[in-house]
Structure formats: structure tokens, C-alpha cells
Number of protein chains: 2
Amino acid sequence: MIGYYHFINMEEKAENKKVGIKEIAKLANVSIATVDRVLNNRKDVSDKTRAKVQAIIKEHNYQPNLYARALSVKNNLSFAVLIPKTSSQTGYWDLCLKGIKQGIEEFSTFGISIDIFLYDQEDVRTFLKMSEDVLSRNFNAVVIAPIFITETTRFVEECKKRRIESIFVNSDIKGCSSLGYIGPDLYSTGRLAANLTSYLVPANSKVLILNIARGLQNYAYLNTKIEGYTDYLNKLDRSFEILNIDIPSNNYEEIAIDLLRHVNNIEPDLIFVTNSRVSVVGRFFDEYRNIKKPHIIGFDFLTENVDFLANGMVDFLICQRPDKQGYLALNYLYRHFLLKDVKENFKPMPIDILTVENYLFYEN
Amino acid sequence: MIGYYHFINMEEKAENKKVGIKEIAKLANVSIATVDRVLNNRKDVSDKTRAKVQAIIKEHNYQPNLYARALSVKNNLSFAVLIPKTSSQTGYWDLCLKGIKQGIEEFSTFGISIDIFLYDQEDVRTFLKMSEDVLSRNFNAVVIAPIFITETTRFVEECKKRRIESIFVNSDIKGCSSLGYIGPDLYSTGRLAANLTSYLVPANSKVLILNIARGLQNYAYLNTKIEGYTDYLNKLDRSFEILNIDIPSNNYEEIAIDLLRHVNNIEPDLIFVTNSRVSVVGRFFDEYRNIKKPHIIGFDFLTENVDFLANGMVDFLICQRPDKQGYLALNYLYRHFLLKDVKENFKPMPIDILTVENYLFYEN
DNA sequence: CAACATCTCGTTAACGTTACCGAAATGATT
DNA sequence: AATCATTTCGGTAACGTTAACGAGATGTTG
């Protein structure tokens with residue numbers, strides 16, 4: 001025997017893995033139907049036998065076979081997904097949709113049907129129309145990306161009345177949805193961007209916060225990011241000059257004109273693009289080579305953004321796994337309705353940092 | 001009708017989701033047994049009926065119900081896991097073990113039994129003993145963290161003779177294992193560290209590469225990281241002064257003495273700790289407050305490392321999700337043996353960057 | 001053409017759980 | 001004491017797949 005080594009054998013565990021509902025029934029001297037009633041704490045069981053069965057279940061650490069359950073149960077649950085459609089400006093919501101589709105693939109096996117409703121994030125009327133459509137059918141739950149705050153709040157109220165569960169992705173309206181929020185902590189996301197900023201530029205630098213999108217007033221969640229960003233930088237006390245600029249357009253030519261003016265005026269050392277439109281800024285500095293390129297930080301693993309990460313135009317891309325958010329939302333609903341597993345209160349999603357050196361391995 | 005909106009209905013898909021083996025059988029005018037034979041391309045089917053059934057399967061895009069399959073199949077697969085035990089120096093392997101245990105939890109439902117063999121990464125004899133133990137039982141496959149290159153290579157050869165599949169985690173020996181490697185691309189990992197380095201320190205800085213561990217000659221994979229690191233920095237052409245120092249010890253007091261000497265001698269602007277021992281360096285500069293603290297980059301999401309990330313002592317922690325590696329290895333074996341799903345050739349694991357601002361949300 | 005091997009295919013019992021149906025026991029009302 | 005309602009429980013078909021078993025058809029050999 002060699003002096004120092006360690007060995008764990010899991011066989012004991014493997015041995016008593018077989019405790020099924022049938023064994024429990026035999027041990028408790030009841031039928032499997034009764035055990036099933038106890039397990040799913042249904043009625044039609046006397047307190048005495050219930051206690052007896054529960055004791056045996058606990059004693060043998062019975063774990064239900066989820067696959068058998070999934071096979072047996074014939075439910076006709078239906079979920080709705082209500083998110084923005086991908087615009088020509090950014091493929092962000094395609095990523096989310098990708099995760100949703102993965103979820104559909106996986107959960108359709110259980111007889112769950114999932115309908116997708118895509119609204120135009122620049123036109124509140126499409127959201128209203130879509131949310132009406134959702135209500136006109138009879139869904140058990142709905143996944144929502146809440147862009148229009150007041151309209152979404154009103155919609156969720158209506159859902160509550162009809163006992164339709166709701167869950168948010170991408171951004172949150174505090175205490176609104178019935179099941180919670182799956183997504184990043186936006187304030188921390190802003191702080192992280194500031195943290196990276198502090199590594200990129202020295203004291204006394206000029207930092208430009210850039211908000212690009214038509215209908216900016218709708219994107220309330222951007223402000224949370226900006227708060228985190230400026231809070232962090234101000235606390236650093238490095239005498240940064242911080243400017244917050246809005247460019248409320250979706251047209252590159254328009255944006256370029258504005259950007260040219262601001263950049264010439266401010267001469268920033270770093271530009272922080274608060275959403276996924278960072279590729280626009282990359283393109284700008286690609287075209288105006290005579291202008292000194294500042295450091296650039298932006299969001300989201302879109303192909304067009306990654307291109308500018310790859311060629312060194314963008315320093316950091318911060319990502320929040322939108323596809324995983326979509327998948328997790330459906331996964332949570334599935335567990336909420338089918339398994340009795342819903343202990344968790346969601347933690348915020350991880351915030352990923354991508355550079356030219358690690359983006360190749362970033363899969364979701 | 002409002003002008004511009006989009007709506008995807010998945011109901012068509014939901015409608016014909018029900019194509020099961022039974023429907024296929026009816027449509028092909030054969031029994032379900034024959035369909036099963038075709039699906040798992042077993043023998044005992046004439047070419048004619050096989051073709052007919054295959055056509056109908058393809059036509060209706062039949063997807064097997066994995067849960068039913070899992071429920072039905074009664075296999076007695078057994079896997080072995082052969083990785084280092086967690087030393088007092090670093091909890092790294094506990095993380096991997098965590099993922100392994102999650103896999104055991106999940107796959108024991110299928111009657112797969114998994115045994116864990118932990119060897120001492122400082123004592124090759126324990127590895128030899130453990131690998132003998134593995135061979136003495138009759139496993140279908142083994143997950144290996146290859147620390148001792150020649151010994152592991154020999155062991156895998158023996159496995160191949162006995163038709164035992166093998167898969168590597170954490171680091172790779174090219175072309176050795178029968179099923180491949182699940183883990184990070186170590187060269188890129190080094191490059192990423194260098195990339196971050198370039199953000200932390202200006203030109204002409206002194207950079208110290210620090211290898212801390214007893215028995216350093218065994219950790220061949222560290223060299224791959226160092227290569228990536230130096231290649232990147234040299235190409236940058238910023239006249240960095242790069243020094244590579246080994247401290248082959250596991251004892252903090254010993255390490256501190258060496259470190260003190262080197263730090264006083266070199267006065268580095270940045271220290272790159274090539275493994276998970278970065279907390280040791282953090283502790284050192286916590287104790288020697290009079291010495292000017294350099295920037296510090298290190299590896300792995302260990303609690304002791306995260307502490308120094310949180311208090312600002314360490315700038316970046318690079319992580320490779322060891323628990324996910326462990327889980328994925330078992331997951332792959334499960335799929336390899338139980339599902340006919342093994343199309344994939346593994347992509348390297350993502351390389352995560354952690355700072356004081358995003359570590360809170362880093363779960364695995 | 002008898003005897004036997006081989007190829008092809010269908011029948012059916014499992015896997016562990018759920019849920020419907022109805023039987024038995026108990027309680028309540030005349 | 002008879003009737004009816006309610007509570008408690010067991011039997012069992014079903015979910016989609018696998019695999020053991022055996023039946024029939026066809027081929028091969030003497």
C-alpha cells in the first residue's frame with residue numbers, strides 16, 4: 001500500500017438508488033396509488049397513512065424519476081413569449097430567440113406548446129396589439145421582455161387577474177412580474193464597464209457615454225447602467241471628465257454626422273456605448289481614420305460587434321447571455337409547472353467580459 | 001390592424017410533434033419492433049422494409065423521446081473518474097469534483113455507476129496505484145486529468161487494449177485519449193492574460209511570471225500558458241522586461257522568503273501567477289505593506305482567490321469552469337453510450353474574466 | 001422431400017409514474 | 001335499520017421506448 005492517497009467509492013449510493021414508488025408502497029403496506037397521492041400531496045389519504053408513508057419516503061430518501069414522470073403526465077400547458085423582434089439595427093433579440101427556440105425544442109416533448117409574439121420596440125402600439133393577442137388565447141404563463149414600462153405593468157396586472165404567471169427577461173420592473181426576473185443586474189453591469197474603463201485610460205481622461213437608438217425614452221434600463229457607470233467613476237476620484245450624449249437615431253449616416261460633431265468637439269479618450277450599437281461606433285472610426293481612435297467599450301456578442309472586437313477597434317464587449325436568459329425563462333416555467341422543484345430565487349446572470357483573445361471560445 | 005408587427009406561431013410544429021414510433025409503424029405497415037430495429041440500425045430487417053421505414057422516419061422528422069428511452073433501457077454502465085485530490089494548497093480540484101458529483105446525481109437515474117479515484121498530484125506512485133485499481137475493475141470509460149504525462153499515456157494505451165474509452169479534462173495530451181479533451185485552450189489562456197496585462201501596465205514595465213508549486217516539472221501544461229503569454233507580449237513590442245521565476249514550494253513561509261527576494265530585486269510592475277496559487281501572492285503583499293504592490297493576474301475561482309479579488313489586491317482572475325468540465329465529461333460519456341448523439345467534436349471551454357465588479361454573479 | 005439453419009418480423013412485458021375508475025369502509029340522515 | 005354521501009384506498013391502463021421470445025417464411029443441405 002502506498003502511503004498517501006485517497007479513494008471515494010460511490011457504490012453504497014448506487015446500491016440504494018433503486019427506491020422507487022413501488023418499494024415505498026410495499027414497505028408502507030399500501031398501494032402505489034396511495035404513495036403517489038402522498039408524494040403529490042393530493043387528498044384522499046387519511047392522516048395516519050399519510051404520515052406513515054411520508055416517514056418511509058424520508059427514511060429511504062426517495063427521489064422521483066423525473067423521466068418516468070415526464071413520460072406519464074399528459075398536460076397541455078401553453079406558454080407565450082413576448083419580446084421585441086430583431087430590428088435591422090441590432091441582432092440582439094435573435095440571440096434571445098435562439099435560446100427560446102432551444103427551449104421549445106426541449107419542452108415540446110412534454111406536450112408544452114409555446115407561442116412567440118414579437119413586437120416592435122420602437123412602436124408601442126405593436127406591443128399593445130401583441131399583449132391583447134396573448135390575452136385572447138389562454139396561456140398558463142408568459143415570458144416578457146419589458147421595454148414599455150407602463151404598458152407592461154398594466155398588462156401584467158391583467159395577467160394576474162386571469163391567473164396567468166409572468167416572468168421577465170433582459171431587464172426588470174421591480175416587483176411587477178409574478179415569478180421574477182432572469183437577467184443581469186444592470187447597475188453592476190454599468191459598474192463593470194467603469195471598472196474596465198479605469199484600466200484603459202489614465203487620470204484626467206475624457207470619457208464619453210453614448211446612447212444610440214431611436215425612441216431612447218423607452219429604454220429606461222439604460223439609465224441604470226449609466227448610474228452604475230458614473231457612480232463608480234466618480235468614486236474613483238481620478239478627475240475624469242464624463243459626458244453623456246444621446247443620439248436618438250437608427251440611421252448610420254445620421255449617427256455619423258452627430259458623432260463626428262461630438263468627437264471633434266470633445267476628443268474623448270474612451271467611448272462607452274451603453275447598448276449593443278457599438279458596431280456603429282466601430283464603423284465610424286474605421287471610416288474616419290484621421291481621427292484619433294479612443295478606447296471603446298460596448299455590449300453584446302453580436303457578429304457585427306465581434307468583428308470590431310477581432311480587429312482591435314473595440315477593447316471590451318460585455319455580454320449577458322441573452323440566449324441563456326431566454327432558455328432559462330422557459331426552463332423555469334417548465335419546472336414551475338411540472339416539477340415541484342421551485343425552491344430557487346433567481347440570482348442575476350453572470351456578466352461576461354470578452355476581448356480579442358477570448359471571444360473565440362465564447363459559446364452559449 | 002396596426003402597421004408593423006411580427007408574429008410567429010409555432011402551432012404547426014406543435015401539431016405534428018406527436019410522431020412516435022407507433023405512428024411510424026402504422027404508416028410503414030410494420031410493427032413497432034421493426035421500426036425500433038431500423039432506428040437503432042440493428043439487423044433482422046430486410047433492406048426493402050428498412051428503406052421504407054427510413055423514408056417515413058425522415059419524412060415525418062421523427063425524434064425519439066429520450067425520456068422514454070432512458071426509462072426503458074436497463075444498462076449497467078460504469079465510469080471511473082481519475083483526478084488529483086484537493087491538496088491543502090489549492091481547492092481547485094474540489095471544484096471539478098463538484099461538477100463530477102452533479103453528473104453522478106443526474107446520471108445515476110440511468111443505472112450508470114460512477115467511481116471516483118483521487119490521486120496525489122505530487123506523488124506519481126499514487127497515480128500508478130489508482131490507475132491499476134481502475135484497470136482491476138471493469139469500467140466502460142474513464143475520465144482523466146492528465147498530470148503525469150508519460151504515466152498517463154501508458155495507462156491510456158492499456159485502456160485502449162481493453163476497449164475502455166478515455167476522455168481528458170483540465171489539460172490535454174494531444175491525440176492520446178480515445179474520446180478527446182474537455183477544457184480550455186491553454187495557449188489562448190496565456191494570451192488572454194497577456195492581453196489584460198497590456199491594459200494594466202504601460203510600456204517599459206517589468207513583468208514577472210510566477211510559477212508556484214512543488215514538483216513543477218510535472219505541470220507541463222503551465223509552459224503552454226507561458227508560451228501564449230510571452231508570445232503575445234513580445235509581439236506587442238512595448239519593451240516589456242519579462243522574467244520567469246519558479247518557486248517550487250507549497251509552504252507559504254518558504255514562498256514568502258523567495259518572493260521577498262525576487263520582488264525586492266526586480267521591483268515588478270505586474271505579477272502573472274500561472275496557476276491557482278495567486279492567493280499566496282495576495283497574502284504576501286497584504287503582509288508586506290511597505291512594498292509597492294504590483295498589478296496581479298491569476299487563475300481560478302477559489303474562495304481564497306476571490307477574497308483578494310474582492311479587496312482589490314488582485315486585478316483579474318481568469319477562470320476555466322473546472323466544475324463544468326467535470327460535468328461535461330460525464331455528460332459526454334452518457335451521451336456517447338446511451339444516445340446516438342455523438343456528433344460533436346469539443347470546442348475549447350470558454351475563458352472567463354473576473355474582476356471585483358462581476359465576480360458576485362459568477363456561478364457555474 | 002425431409003430436416004434444419006437463417007432471415008425477417010410481430011407480440012409482449014417491462015421501465016416508474018400518473019390519473020381515472022370503482023370498491024370498500026365509514027359517517028350522516030332519515 | 002335502511003339509505004345515501006363521503007372518505008379512503010387499490011387496481012390498472014397509459015406514456016414511448018427497448019429487448020426477449022417465438023412464429024412464420026425462405027434458403028440450404030442431405
Side-chain angles (χ1 to χ4, degrees), chain A residues 16-54 57 60-77 106-112 337-341, chain B residues 16-54 56-57 60-77 107-112 337-341:
Chain A
N16 50 349
K17 71 172 185 290
K18 290 270 182 187
V19 271
I21 209 172
K22 218 175 286 181
E23 284 79 3
I24 300 287
K26 202 172 292 172
L27 289 165
N29 209 24
V30 295
S31 75
I32 59 168
T34 300
V35 177
D36 183 66
R37 277 184 273 259
V38 173
L39 279 171
N40 303 18
N41 48 349
R42 275 190 281 263
K43 43 181 292 194
D44 289 350
V45 189
S46 70
D47 292 350
K48 214 181 88 183
T49 46
R50 189 181 294 274
K52 183 172 60 175
V53 172
Q54 268 167 343
I57 287 172
H60 290 75
N61 186 31
Y62 164 80
Q63 296 290 96
N65 183 321
L66 300 184
Y67 301 93
R69 172 179 291 168
L71 192 59
S72 167
V73 81
K74 19 181 168 295
N75 41 19
N76 42 358
L77 287 173
E106 180 170 342
F107 301 126
S108 67
T109 319
F110 303 100
I112 299 174
F337 283 98
L338 285 197
L339 320 177
K340 287 92 193 185
D341 184 38
Chain B
N16 50 350
K17 73 174 184 285
K18 288 271 183 189
V19 271
I21 208 172
K22 216 175 288 180
E23 284 79 5
I24 301 287
K26 201 173 291 172
L27 289 165
N29 208 25
V30 295
S31 75
I32 58 169
T34 300
V35 177
D36 183 68
R37 278 185 271 259
V38 173
L39 280 171
N40 303 18
N41 48 348
R42 275 190 281 263
K43 41 182 293 196
D44 289 350
V45 188
S46 71
D47 292 350
K48 212 181 92 184
T49 46
R50 190 183 293 276
K52 182 172 60 175
V53 173
Q54 268 167 344
I56 296 183
I57 287 173
H60 289 75
N61 186 31
Y62 164 80
Q63 296 289 96
N65 183 323
L66 300 185
Y67 301 92
R69 172 180 292 169
L71 192 59
S72 167
V73 80
K74 18 180 170 295
N75 41 16
N76 41 357
L77 287 172
F107 302 126
S108 68
T109 318
F110 303 99
I112 299 174
F337 283 99
L338 285 197
L339 318 177
K340 286 93 193 180
D341 185 40

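First the proteins, then the strands, lettered A, B, ... as listed; each starts at 1. It should be emphasised that the depicted structure is a prediction, and the values quoted were computed from it without experimental measurement.
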In whole angstrom, give the distance that lies between atom NZ of Lys48(B) and atom C1' of dT26(D).
14 Å

Can you tell me how far the CG atom of Asp44(B) sits from the OG1 atom of Thr34(B), to the nearest 0.5 Å?
9.5 Å

Between CD of Glu23(B) and C1' of dG16(D) the distance, given in whole Å, is 10 Å

Taking atom OH of Tyr67(B) and atom CZ of Arg69(A), what is their separation to the nearest 0.5 Å?
13.5 Å

Closer than 4.0 Å, any side-chain N/O of Thr34(A) to the OP1 or OP2 of dG10(D)?
yes

Does a nitrogen or oxygen in the side chain of Arg69(A) sit under 4.0 Å from OP1 or OP2 of dC15(D)?
no

Check the phosphate of dC9(C) against Thr49(B), side-chain N and O only, distance under 4.0 Å to OP1 or OP2. Yes or no?
yes

Looking only at heavy atoms, which two atoms of Val19(A) and Glu23(A) are closest? And how far apart?
C-OE1, 4.1 Å

Rounded to whole Å, please give me the gap between CD1 in Ile32(A) and C1' in dA19(C).
11 Å

Quick note, Lys22(A) side chain, CB onward, closest among dT18(C), dG16(D), dC15(C) is dC15(C)

Atom CG in Asp47(B), atom NZ in Lys52(B): separation rounded to 0.5 Å?
13.0 Å

Counting only side-chain nitrogens and oxygens, does Tyr67(B) get under 4.0 Å of the OP1 or OP2 atom of dT18(D)?
no

Euclidean distance, atom NZ of residue Lys26(B) to atom P of dC9(C) [Å, nearest integer]:
20 Å

Would you mind classifying the nucleic acid contact of Arg42(A) as base, sugar-phosphate or nothing, using non-hydrogen atoms under 4.0 angstrom?
sugar-phosphate

Atom CG of Asn65(B) and atom P of dA14(D): how far apart are they, to the nearest Å?
18 Å

Counting heavy atoms from C-beta on, name the nucleotide in dG10(C), dT17(C), dG11(D) closest to the side chain of Val30(B).
dG10(C)

Under 4.0 angstrom between Arg37(A) side-chain N/O and dA19(C) OP1 or OP2:
no

So what does Asp44(A) touch, heavy atoms closer than 4.0 Å: a base, only the sugar-phosphate, or nothing?
base

Starting from the 5' end of DNA chain C, give me the residue, Lys43(B) or Ser72(B), whose nearest nucleotide shows up first.
Lys43(B)

Let me know the distance between CG of Asn29(B) and C1' of dG10(C), rounded to the nearest Å.
12 Å

Are any of Ser31(A)'s side-chain N or O atoms less than 4.0 Å away from OP1 or OP2 of dG10(D)?
yes

Walking DNA chain C from its 5' end, the first of Ala33(A) and Asp47(B) to be reached, judged by nearest nucleotide, is Asp47(B)

Considering all heavy atoms, the nearest Arg50(B)-Lys43(B) contact:
NH2-CA, 4.0 Å

Let me know the distance between CG of Leu71(B) and P of dT18(C), rounded to the nearest Å.
12 Å

Please round to the nearest 0.5 Å and tell me the distance separating atom CD1 of Ile24(B) and atom CG of Asp36(B).
12.5 Å

DNA chain D nearest-nucleotide lookup for Pro64(B) and Val45(A): closer to the 5′ end is Val45(A)

Checking dT18(D), dG16(C), dA19(C) against the side chain of Asp36(B) (C-beta onward), the nearest is dT18(D)

Please determine whether a side-chain nitrogen or oxygen atom of Asn40(B) lies at a distance below 4.0 Å from atom OP1 or OP2 of dT18(D).
yes

